Amino acid sequence: MLFDSHAHIDDSRFDSDRLETIERARENGVTGIINIGADMASSARSIALAQSHKGIYAAVGIHPHDAKAAVDADYDQMAQWVGSEPKVVAIGEIGLDYYYDLSPRDVQQDVFIRHIDLARQLGKPIIIHDRDAHGDVMNIIKKEAKGIIGVFHCYSGSLEMAKEVLKLGFYVSFAGPVTFAKSTKLK
Ligand SMILES: [Zn+2]
């Protein structure tokens, strides 16, 4: 059984062949897919996809790129989604991105922590996006995420950090970066 824990098939790039893509995945043994929200609009689209397809689940959350746009009402909306739709299985993707820095870092941190609090209240795991922010992500997880688990999506940290991550009960996901010619350490 294959379960794709991180897809963005709500993206407009799939507008012309979304159903075919889902069908193709199924034909090739992918029995489950979690479609991941990155802002409120894509979170809503993820839920709509989950509601209309067997085997598709949703995660809701605001990506650090869009942290600057997060408002109080968004957290209420996410809590309401989780409470009313059992196919919403996680909070994410959330975290810190110091590579693009599309939102101020202090805002990224606040929004990350608020999502972690929300995940704890709702009893859901978190999906972490960490790009060039290993130190702050680890500090926040150690301080704020006691009692919850999740996945370090698209892992790009060191072996030492991976061991710490596993000790905290989190999963590590090896995605695209492991295929880069330059990422010899990650391999
Ligand atoms: Zn993603």
Side-chain angles (χ1 to χ4, degrees), residues 2-15 17-18 21-22 24-25 28 30-51 53 55-70 74-75 77-78 81-82 85 87-103 105 107-109 111-116 118-119 122 124-134 136-138 140-141 145 148-157 161-162 165 170-180 183 186:
L2 291 170
F3 198 112
D4 184 346
S5 72
H6 199 109
H8 293 282
I9 41 180
D10 63 292
D11 191 281
S12 61
R13 282 172 286 191
F14 289 101
D15 281 354
D17 64 349
R18 186 168 293 106
T21 303
I22 294 167
R24 214 163 41 234
N28 286 281
V30 179
T31 53
I33 297 173
I34 306 180
N35 201 77
I36 312 291
D39 54 23
M40 295 307 281
S42 60
S43 294
R45 289 198 300 269
S46 297
I47 295 170
L49 265 175
Q51 286 171 335
H53 297 277
I56 297 190
Y57 301 84
V60 296
I62 300 168
H63 192 283
H65 288 348
D66 285 298
K68 59 183 180 299
D74 294 340
Y75 302 95
Q77 174 68 73
M78 285 187 271
W81 278 334
V82 171
E85 176 48 75
K87 289 185 96 178
V88 181
V89 293
I91 301 297
E93 59 187 278
I94 57 172
L96 305 176
D97 192 312
Y98 293 173
Y99 179 76
Y100 287 105
D101 274 331
L102 295 186
S103 290
R105 292 184 180 184
V107 175
Q108 292 188 38
Q109 291 163 17
V111 168
F112 186 26
I113 292 168
R114 279 197 73 172
H115 279 88
I116 292 170
L118 185 70
L122 300 170
K124 296 292 175 196
I126 57 175
I127 298 157
I128 302 166
H129 171 102
D130 162 22
R131 183 128 191 226
D132 289 357
H134 304 324
D136 283 351
V137 166
M138 286 306 280
I140 288 173
I141 290 298
I148 55 175
I149 57 158
V151 61
F152 277 66
H153 157 64
C154 210
Y155 186 76
S156 60
M161 177 174 150
V165 165
F170 280 76
Y171 291 89
V172 177
S173 118
F174 296 107
V178 87
T179 66
F180 299 165
S183 57
L186 191 61

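Both counts, for ligands and for their atoms, begin at 1 and track the order of listing. Please read all numbers here as calculations on a predicted model, not as lab measurements.
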Query raised in the report: Crowded around Phe3 CZ? As in, over 12 foreign heavy atoms under 6.0 Å?
Result: yes
Requested in this report: Check whether any N, O or S atom of His6, backbone or side chain, sits closer than 2.8 Å to the Zn ion (ligand 1).
Outcome: yes
Report task. Decide whether a cation-pi geometry holds between Arg131 and Tyr98; the criteria are a distance under 6.0 Å from NZ or CZ to the six-membered ring centre and an angle within 45° of the ring axis. Result -> no
Query - Check: Ser12/Asp15 side-chain N/O donor and acceptor closer than 3.5 Å - result: no
Query raised in the report: Can you tell me if His6 and Glu93 form a side-chain donor-acceptor pair at under 3.5 Å?
Result: yes
Query - the Zn ion (ligand 1) - name of the N/O/S atom of Glu93 that sits closest to it - result: OE2
Report summary line: The atom of His8 among N, O or S that is nearest the Zn ion (ligand 1) is NE2
